**Q** 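Have a look at the structure that comes next, please.
Please read all numbers here as calculations on a predicted model, not as lab measurements. Residue numbering restarts at 1 for every chain, and letters A, B, ... go by the order of the sequence lines.
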Amino acid sequence: MDPLSSLRSQRLQKLKKIEELGAQAYGYSFKRTHTAEEILSAYKEAMDVSTAGRIMSMRRMGKASFAHIMDVSGKIQIYVKQDNVGEETYSIFKNLDLGDIIGVKGQVFKTKTGEITVLVSKLELLAKTLRPLPVVKEQVKDDEKIVYDAFADKELRYRQRYVDLIVNSDVRKVFEARSKIVSEMRRYLENRGYLEVETPVLQPIYGGANARPFVTHHNTLDMTFYLRIADELYLKRLIVGGFEGVFEISKDFRNEGMDRDHNPEFTMMELYVAYEDYEFMMDLVEDMVYTISNNVFGSHKIEVDGKTIEIKPPWKRMTYMGAIKEYTGHDLLDKTTEQIFQVAKSLHIEVEPNAGKGRLLDEIFSEYVEPKLIEPTIIKDFPIEISPLAKKHRSVPGLTERFEAFVLGKELCNSFSELNDPIDQKERFEAQARLKAQGDEEAMMIDEDYIRALEYGMPPTAGLGIGIDRLVMLLTASPSIRDVILFPQMRPEKADKKDEPEQK
RNA sequence: GAGGGUGUAGCUCAGUUAGGUAGAGCAACGGCCUUUUAAGCCGUGGGUCCUGGGUUCGAUCCCCAGCACCCUCACCA
């Protein structure tokens, strides 16, 4: 027998003993009067409480034992004494393991060492564990938590997030923060009167971003659908339809590489506001991120790698070309493709010989500018070639009214004055189609229905897309997207003999 | 896609300097123990050393291939 199943069978034995003692191993409900944290904060000598949680540590000394049980609020120590609970319950207790979930009733007291503890008078098993929990020990010293033998194997933590959440309390904090961030964002947008809507995930024509899609098939219609790569084109159809402020918070799917910043499915918030432009959106995004941070963390500073990032508006603003000039010394506005090509070469950027202007600029920008944008910075007026859905700049030819905000060298959001000229939009789509024909798998498809919608007239509109995962990474100082996604995408687990159901 | 790293007990890790099938702490099991607290004391059990090949009398270790995860770069928002 392998060791894991021997640990399991020991637990199965205990389960049997407990049942033989007439107790139930899997309860139906348990009425609590206090959470662990409430007991600590409401402490009064001899206060009666009823609380429940998972056994995280046990110190047994013959006929009396201490244990800590943990619920969502924290940990509380319990003291189980045979004289108090009776022999029968105590023998049940002796068959409990770390990880078991129990409910207890009793009076609160302070031990010699001053720890608030429940002196148990009644104990009920609510769920018996069959698998051993990773044993993590903690010691609190001068407010600093020292963790011994932390459950640290990232692969196991991501694959078995339930275990990670049980033993690594900071993990839950990240996801609680994530939930609050989304909820604060929703409230922020609703307070401004914008309407949350839902648009299709399954799309016959994908669009709104440059990315390769997931492909699927509908049986009854016998046709190909794509999982959306963006919500954009549907949301703007709603602006055509007369809504004046709509947003959607939802999953997008991109069939691309996975790394620290990319998960195949990720959460996006897109917002469209009629009669506004990108300048309006710059102010909005600054204020929104600042407000969310304040409301969730009570702070507008972020500590990362020993750096302190101030996110209070106003953020630094630069033009795209201005930023390239500042960080490379080259003024590329009004330059020809050939001239830009030469500059790229002189900057030691590898470029394909037939790369277009937009591509060249994008390479230079990504290489020389992006990594420098540590403090929150808004970069505006992007080249038209890489902005097929953005409105032409009102005064500078070749540019669009598009901006992105960067923090810690990474993009935080993407926004523009939306292109509402159907003829211009059609030409942009056609340019994309030519790129696609040349083999650019990420170029956009022509969406005739979207053009038709624009032909009915879309008011001037400001649009914004903000990646929720990356915003959460920023605000929680998480180094990997996998740390802010509960169940990140992983390669399938190898079939593990140990995990096969036992034959009985 | 390229390079590097890691993979040993349920968990965290040693180790095999030079090839002879392996150790610690915690957890588990048994005994003693009715206010302890990262680990009370004594004892016991527990391993396909990631997988598959090769070299060898013999491989956890050396060689080759593969898999998973991590890091860097590339691709990519």
Side-chain angles (χ1 to χ4, degrees), chain A residues 1-11 13-14 56-68 75 77-85 90 94 97-99 109-115 117 119 129-141 145-160 163 167-168 208-212 229-230 252 254-264 266 268 350 362-363 365-367 370 386 404 406 410-414 440-442 465-467 469-470 479-482 488 490-498:
Chain A
M1 189 180 347
D2 67 68
L4 179 57
S5 47
S6 85
L7 290 172
R8 265 189 102 229
S9 68
Q10 281 171 0
R11 289 177 178 228
Q13 283 300 317
K14 291 183 190 173
M56 298 304 285
S57 65
M58 264 197 283
R59 293 168 293 284
R60 286 197 249 241
M61 304 157 297
K63 298 188 177 68
S65 304
F66 285 91
H68 277 98
K75 287 182 192 165
Q77 179 166 261
I78 61 170
Y79 181 44
V80 185
K81 199 158 67 151
Q82 184 168 291
D83 289 353
N84 279 66
V85 296
Y90 201 77
K94 282 198 283 193
D97 287 293
L98 292 183
F109 74 107
K110 267 189 189 165
T111 62
K112 276 182 189 167
T113 52
E115 179 163 352
T117 302
L119 176 60
T129 1
L130 299 181
R131 287 175 187 263
L133 222 48
V135 179
V136 178
K137 307 224 165 171
E138 296 175 353
Q139 186 181 22
V140 180
K141 232 182 204 172
K145 193 165 72 178
I146 307 167
V147 178
Y148 300 86
D149 296 341
F151 176 55
D153 184 320
K154 286 195 179 179
E155 182 173 358
L156 282 178
R157 290 180 49 204
Y158 295 144
R159 286 192 195 279
Q160 300 186 41
V163 177
V167 300
N168 293 325
N210 295 99
R212 288 154 68 188
I229 58 172
D252 286 348
R254 298 189 185 174
N255 206 340
E256 290 164 352
M258 296 155 59
D259 61 31
R260 206 170 60 242
D261 298 307
H262 299 81
N263 194 63
F266 60 100
M268 190 78 151
E350 280 183 48
D362 202 30
E363 292 284 341
F365 184 84
S366 310
E367 188 72 20
E370 233 180 281
I386 53 173
E404 294 190 354
F406 293 85
K410 289 183 196 168
E411 177 198 339
L412 181 65
C413 69
N414 186 14
D440 183 346
E441 290 185 87
E442 292 175 356
I466 180 162
D469 310 276
R470 294 194 185 169
S480 167
I481 200 167
R482 288 182 159 180
M490 304 284 281
R491 283 200 166 74
E493 241 176 306
K494 263 183 295 190
D496 188 341
K497 287 180 211 135
K498 290 174 188 172

**Q** For A/Val136 and A/Asn414, find the nucleotide of RNA chain B closest to each by heavy atoms; which residue's nucleotide sits nearer the 5' end?
**A** A/Val136
**Q** Write down the distance separating the C1' atoms in B/rG52 and B/rA59, rounded off to the nearest Å.
**A** 14 Å
**Q** For B/rG58, which nucleotide is its Watson-Crick or G-U wobble mate, given both distances must be under 3.5 Å?
**A** none
**Q** From the list B/rA74, B/rA68, B/rG10, which nucleotide is the closest neighbour of the side chain of A/Arg159?
**A** B/rA68
**Q** Can you check whether A/Arg212 has a side-chain N or O nearer than 4.0 Å to OP1 or OP2 of B/rC75?
**A** no
**Q** Could you measure between the two P atoms, the one in B/rU35 and the one in B/rC26, and give it in whole Å?
**A** 22 Å
**Q** Take atom C1' in B/rC29 and the same atom in B/rG10, then report the distance between them in whole Å.
**A** 14 Å
**Q** For A/Arg254, answer base if it contacts any base atom (sugar-phosphate contacts may also be present), sugar-phosphate if it contacts only those atoms, and nothing otherwise; contact means non-hydrogen atoms under 4.0 Å.
**A** sugar-phosphate
**Q** Determine the interatomic distance between P on B/rU17 and the same-named atom on B/rA74; round to the nearest Å.
**A** 40 Å
**Q** On RNA chain B, compare the nucleotides closest to A/Arg260 and A/Glu256; which residue's is nearer the 5' end?
**A** A/Arg260
**Q** Measuring from the side chain of A/Pro132 (C-beta onward, heavy atoms only), which nucleotide among B/rU12, B/rC69, B/rG10 has the closest atom?
**A** B/rG10
**Q** Can you find a side chain N or O atom of A/Arg491 that sits less than 4.0 Å from OP1 or OP2 on B/rC69?
**A** yes
**Q** State which of B/rC76, B/rC29, B/rC69 makes the closest approach to the side chain of A/Asp97.
**A** B/rC29
**Q** Write down the atom of A/Met56, the atom of A/Leu133, and the distance for their closest heavy-atom approach.
**A** SD-CD2, 4.2 Å
**Q** Between atom CZ in A/Phe151 and atom P in B/rG25, what is the gap in whole Å?
**A** 22 Å
**Q** Considering Watson-Crick and G-U wobble pairs with both distances under 3.5 Å, what does B/rG1 pair with?
**A** B/rC73
**Q** From B/rU37, B/rA68, B/rC75, pick the nucleotide closest to the side chain of A/Asp259?
**A** B/rC75
**Q** Tell me which nucleotide among B/rA27, B/rU35, B/rA74 gets nearest to the side chain of A/Lys112.
**A** B/rU35
**Q** Rounded to the nearest Å, what distance is computed from the CE atom of residue A/Met58 to the P atom of nucleotide B/rU34?
**A** 18 Å
**Q** Specify whether A/Phe66 and A/Tyr79 have parallel, tilted or perpendicular ring planes, treating 30° as the upper limit for parallel and 60° as the lower limit for perpendicular.
**A** parallel
**Q** If the P atom of B/rC11 is compared with that of B/rG5, how far apart are they to the nearest Å?
**A** 25 Å
**Q** Is there a donor on the side chain of A/Gln82 or the base of B/rU34 sitting less than 3.5 Å from an acceptor on the other?
**A** no
**Q** Would you say that more than 12 heavy atoms from the other residues, nucleotides or ligands in this model lie under 6.0 Å from the CZ of A/Arg491, or not?
**A** no
**Q** Under 3.5 Å for both donor-acceptor distances, Watson-Crick or wobble: does B/rU17 have a partner, and if so which one?
**A** none
**Q** Counting side-chain heavy atoms from C-beta on, which of B/rU36, B/rC76, B/rU12 comes nearest to A/Asp149?
**A** B/rU12
**Q** Between CZ of A/Arg254 and CD of A/Glu442, what distance do you get to the nearest 0.5 Å?
**A** 9.0 Å
**Q** What is the distance from CE of A/Met61 to P of B/rG31, rounded to the nearest Å?
**A** 17 Å
**Q** Rounded off to whole Å, could you give me the CG-to-C1' distance for the A/Asn263 and B/rC76 pair?
**A** 14 Å
**Q** So which nucleotide does B/rU51 pair with, by the Watson-Crick or G-U wobble rule with both distances under 3.5 Å?
**A** B/rA65
**Q** If you check every side-chain atom of A/Thr111, which of B/rU37, B/rC26, B/rC33 has the closest atom?
**A** B/rU37
**Q** To the nearest Å, how far apart are A/Asp153 CG and B/rG10 C1'?
**A** 13 Å
**Q** Take the protein atom CZ of A/Arg60 and the nucleotide atom P of B/rU37, then report the distance between them rounded to whole Å.
**A** 17 Å
**Q** Check the distance between B/rU35's C1' and A/Phe109's CZ and give it to me in whole angstrom.
**A** 6 Å
**Q** Students often get this wrong, so: under 4.0 angstrom with heavy atoms, is A/Glu370 touching a base, only sugar-phosphate, or nothing?
**A** base
**Q** Applying a 3.5 Å limit to both distances, which nucleotide forms a Watson-Crick or G-U wobble pair with B/rG40?
**A** B/rC32
**Q** Which heavy atom in A/Asn168 sits nearest to a heavy atom in A/Phe151, and how many Å separate them?
**A** ND2-O, 3.2 Å
**Q** Within the 4.0 Å heavy-atom criterion, would you say A/Ala150 contacts the bases, only the backbone, or no part of the nucleic acid?
**A** sugar-phosphate
**Q** Side chain of A/Phe66 only, heavy atoms from C-beta on: which candidate in B/rC11, B/rU36, B/rC70 is closest?
**A** B/rU36
**Q** Could you measure between the two C1' atoms, the one in B/rC75 and the one in B/rC49, and give it in whole Å?
**A** 37 Å
**Q** Please name the pair of heavy atoms, one in A/Asn263 and one in A/Ile481, separated by the smallest distance, quoted to 0.1 Å.
**A** N-CD1, 4.0 Å
**Q** Please state the C1' separation for the pair B/rC63 and B/rU56 - nearest whole angstrom.
**A** 12 Å
**Q** If the C1' atom of B/rG15 is compared with that of B/rG23, how far apart are they to the nearest Å?
**A** 7 Å
**Q** Whether A/Arg157 contacts B/rC69 is assessed here as follows: a side-chain N or O lying under 4.0 Å from the phosphate OP1 or OP2. Is that the case?
**A** no
**Q** Between A/Lys110 (NZ) and B/rU36 (P), how many Å, whole number?
**A** 16 Å
**Q** Please report the shortest heavy-atom distance between A/Arg159 and A/Met490, naming the atom on each side.
**A** NH1-CB, 3.6 Å
**Q** With a 3.5 angstrom cut-off on both distances, give the Watson-Crick or G-U wobble partner of B/rC26, or none if there isn't one.
**A** B/rG10
**Q** Hey, does A/Leu156 reach any base, or is it just sugar-phosphate, or nothing, if we go heavy atoms under 4.0 Å?
**A** sugar-phosphate
**Q** Hey, does the side-chain of A/Gln139 have a donor or acceptor N/O within less than 3.5 Å of a partner on the base of B/rU37?
**A** no
**Q** For A/Tyr148, report the nucleic acid contact type (base, sugar-phosphate, nothing); a contact means any heavy atom under 4.0 Å.
**A** base
**Q** Just to be sure I understand the rule, does A/Glu442 reach a base, reach only the sugar-phosphate, or reach nothing, if contact means heavy atoms closer than 4.0 Å?
**A** sugar-phosphate
**Q** Which residues pass the ring pair (Phe, Tyr, Trp, His ring centres under 6.0 Å) test with A/Tyr90, sequence neighbours left out?
**A** A/Phe93
**Q** Without hydrogens or angle criteria, can the side chains of A/His68 and A/Glu115 be said to hold a donor-acceptor pair below 3.5 Å?
**A** yes
